[in-house]
2 protein chains.
Amino acid sequence: MNDFRILPVLKILSFILFVLSVITFTVPLVYSVYMEDEEILCYILPIFISLFLYSVFIPVKSVRLSEKEALFIAVSIWFIFPLFTTLSYELSGYIHDPIDSYFESVSGFTTTGASVLTDIEKLPKSLLLLRNITNWIGGIGFVVLAVSFLSTRMPIGKAIVKFESSKIIEERIEPRVKEIAKIVISVYLILTVTEIVLLLVSGTDLYNAVTFTFSTVATGGFAPYNASASALNSFFGEMVITLFMFLGAVNLQLYYIAFKSRSIKKFFLDQEVLVYAGIILFSSLLTIFLLYETNTYSSLTESFRYGIFQIVSAATTTGFSTADYSNWHPAILSIIMITALIGAVGGSTGGGIKIFRLIFIFKIVSGELKRIAHPKIVYRPYLKGKKLDPSTVNSFWAFLSLYLFSLLFFGFMLTLGGHDLITSFSASVACITSLGPGLGDVGPASNFSQFSDFEKLMLSFEMIFGRLEIIPVISLLFIRNL
Amino acid sequence: MNDFRILPVLKILSFILFVLSVITFTVPLVYSVYMEDEEILCYILPIFISLFLYSVFIPVKSVRLSEKEALFIAVSIWFIFPLFTTLSYELSGYIHDPIDSYFESVSGFTTTGASVLTDIEKLPKSLLLLRNITNWIGGIGFVVLAVSFLSTRMPIGKAIVKFESSKIIEERIEPRVKEIAKIVISVYLILTVTEIVLLLVSGTDLYNAVTFTFSTVATGGFAPYNASASALNSFFGEMVITLFMFLGAVNLQLYYIAFKSRSIKKFFLDQEVLVYAGIILFSSLLTIFLLYETNTYSSLTESFRYGIFQIVSAATTTGFSTADYSNWHPAILSIIMITALIGAVGGSTGGGIKIFRLIFIFKIVSGELKRIAHPKIVYRPYLKGKKLDPSTVNSFWAFLSLYLFSLLFFGFMLTLGGHDLITSFSASVACITSLGPGLGDVGPASNFSQFSDFEKLMLSFEMIFGRLEIIPVISLLFIRNL
Ligand SMILES: [K+]
Ligand SMILES: [K+]
């Protein structure tokens, strides 16, 4: 086994931190200068600190990273980079507790969108812009990580993956990971620009269009207003956001495949997308029916408007809201929590267990039922046309077991702090799936400020743990001689 | 494939129904005659009806049953026999709605112990005796079914099992199923007699000793009083019940093994029992601490008394209560629900997912973690010293997936009826695990009378579905040409 070469690792880590700092802080910096809002230091200092750190390690000789070292960097970046935005929040003076700032930062980069802020609009606009950029960076960061580290075809043992040799899921094109990264980043940029344009068309100003777009395509859910997306006060704007929450929650490579083959069918006939669209359609229709039937809204139009937005927001794990659903019919609350738990399509910015895993479970179960009907058939599960070997299947179940166990564990830890069951377990679902808001005291009209510092740190960990889909974080703890 | 021979199946089915009727109704009949309580017809008529049914089929030629036919009988008996006690309840005039009577009957035989009665003590004592006998019959009935049909070593395809050839889990003795059935029935009778004697020693009368014992060793949880087990008003009595809830929730074959090898160690060093005892010990200690710390009870003695009883009652899926835990610390409510969900030891009268499955999940997960640490190791899961082939592993996960899916599905269906989340999902847990009481509106001080007829039928189905551990019921639906 290789030794862990600490200096080369720190060199690359500090380089990535520097690049991320420049991307993250430049826009709010420019905006701050333009607005003359006196927050300039909040954005300059992190860039300088990251530059300083990097410069310290420049003399270190570059090496080709081992798998373990790459994994260490890929995981630790999610814990370390939020410290830079924590610094911004603290320097601004608008968030007082460093743990609050760290929670808000982690919540941003993991695209969770859970907030400890009781009055969002008190913050200067440049800081809110930064806050939504954390969503945007986190969204694409996860997709790039997923296509390189978390490919579904790999057993966990190999999930500590060769950056250079992994293949993508789709058989039709098999470029190398760097090319895939380019593709998904391009798609992401196109989605971003398109949504900004459409929101401008809807009549909102550039600031709103940009900030909302950042947290929409990332399925992040941060909004620069206490009233979340209802602050836009625009039916057309809400429909644009609904559409792009869905588009962001779909495998970003599919757009490229559909574009390259000049066939929109390729996009809509993808099994995961089909199942996902089916779940959202069914959930939305049932919700709209229940809203209308229980007279929550008196008109079918309003039931449609608020029903579809809340369901798509939950099923994509975005977490925007245009209504306080806390008092809606309990079946709708179940739908919100269950669709978030199921989550989005693999290779998207969305979170949750993911649709391809749901399909996998369905195949295992239906395979068993087939075997009961025809006892002589030897059944082996497959996914996307590939048979799965038993060790991959084990990895799969290990992931699911750990996911559900973590969900119960963190929920239980919150009940230990005296929070009621609905609040505790919905907060745990909201953090592990990167949904954001939950039910009860962490409902859409509330926030996470009620939790203790220990609980906020624990939930920060849960957000990263869930976002990285558990295994890489655990691997880091279990690999020998790291 | 064999055809399904309807007449021979009905002959055996009616014979079993007759035997069950005699066992079930004789004791309340004798008691009713002795008490002269005018309920005699309620107990005579079911016996006569079952005798009549059997006599109709006596001329049918006996045959050796195929696996499918045996499975059909084993499953359908759980749906059909409750109709006989439904008749008793209806004849008595104390339960008015036949669906209420059916729910109460299914709840009895599945050892769930959920009740639709708002005032239990209004019922005549002979009828309450019958009600607790349904628990007692159901408890041993399930164990006999489990050792013959649900052996953990069989993949689901073979779970449609040969009555004559299946082996038991323990390697040390491998008698045939009939012998095992004799063993577990003997153990059950000894446990029953011992508890009755100990409860008499505790100072209660014979009626209470017998009724409480019936629902204790079966981990059923029916009590002939509105106040459940606290009606005994005896610390010693509660401790006896606590002990026998635990003893009933442990693999009944272990007693025989320990007895035969003259070694109590064999009992306590069984891996499942160890893990189970550990879970109960940890949960009880935490509960006692929380009760004392939050001042729910002012003395440590009371915290111990009420804490340990409620936790053992939940973890064994018995569902007795000596306190209304609805307002206890939320972490205790989590513990109650989670320990019930985990459930009891395999081969016991208890329900839930079962400890051996928890151990299995733990082994899969730890195997994966080992593989991360040592990527070259080929890991294959095993249980009780036997390696599991991939198809058995698939069956296992299919069961767990279906279990959790059913839990969510039935809970969701209850929310559709407008019941709140806590009530709906705890009721679903309480029915699928055969715990009985839940939280919220189905808490220990409440009952299931609030549900609609449709919901009661649905929950009756869920109780049987959970009790038979899903697969046999599903098999019946999926086997071709049945
Ligand atoms: K989110
Ligand atoms: K029970």
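Chain letters run A, B, ... following the sequence lines, proteins first, then strands; residues in each count from 1.
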Worksheet item: For the residue pair His329(A) and Thr415(B), what are the closest heavy atoms and their distance?
Response: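 In this case the closest contact between His329(A) and Thr415(B) is CE1-O, 2.9 Å.
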Practice prompt. Please report the shortest heavy-atom distance between Pro330(B) and Leu421(A), naming the atom on each side.
Written response: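 Of all heavy-atom pairs spanning Pro330(B) and Leu421(A), the closest is O-CD2, 3.5 Å.
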Below 4.5 Å from any heavy atom of chain A, which atoms of [X] appear? Answer side chain, backbone, both or neither.
X	result
Leu404(B)	side chain
Ile361(B)	side chain
Leu400(B)	neither

Fill in: CD on Glu368(A) to CD1 on Ile474(B), rounded to 0.5 Å
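Ile474(B) CD1 to Glu368(A) CD: 11.0 Å, rounded to 0.5 Å.
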Discussion item. Using 0.5 Å steps for rounding, measure from the CZ atom of Phe412(B) to the CG atom of Leu286(A).
Written reply: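 If we round to the nearest 0.5 Å, Phe412(B):CZ and Leu286(A):CG are 5.0 Å apart.
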Item to complete: Against chain B, label Ile332(A) side chain, backbone, both or neither, depending on which of its atoms sit under 4.5 Å from a heavy atom there.
Response: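 Neither; nothing under 4.5 Å.
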Fill in: Residues of residues 287-296 of chain A contacting chain B, heavy-atom criterion under 4.5 Å, by residue number
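Listed by number: Leu290(A).
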Worksheet item: Under a 4.5 Å cut-off applied to non-hydrogen side-chain atoms, are Phe425(B) and Ser334(A) in contact?
Response: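 Yes, their side chains come closer than 4.5 Å.
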Worksheet item: Taking Ser424(A), Ser401(A), Gly411(A) one by one, which has the highest count of heavy-atom pairs under 4.5 Å against chain B?
Response: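 Winner by heavy-atom pair count: Ser401(A).
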Worksheet item: In terms of heavy-atom pairs under 4.5 Å with chain B, which of Ile338(A), Ile422(A), Leu333(A), Ile335(A) leads?
Response: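 Answer, by heavy-atom pair count under 4.5 Å with chain B: Ile422(A).
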Practice prompt. Using a cut-off of under 4.5 Å on heavy-atom pairs, state which of Asp420(B), Val365(B), Leu439(B), Leu369(B) scores highest against chain A.
Written response: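 Most heavy-atom pairs under 4.5 Å with chain A: Leu369(B).
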Discussion item. Applying ring-ring contact (aromatic ring centres under 6.0 Å, His included), can you list everything that pairs with Tyr297(A), at least two apart in sequence or on another chain?
Written reply: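 For Tyr297(A) the ring-ring contact (aromatic ring centres under 6.0 Å, His included) partners, ignoring immediate neighbours, are Tyr306(A).
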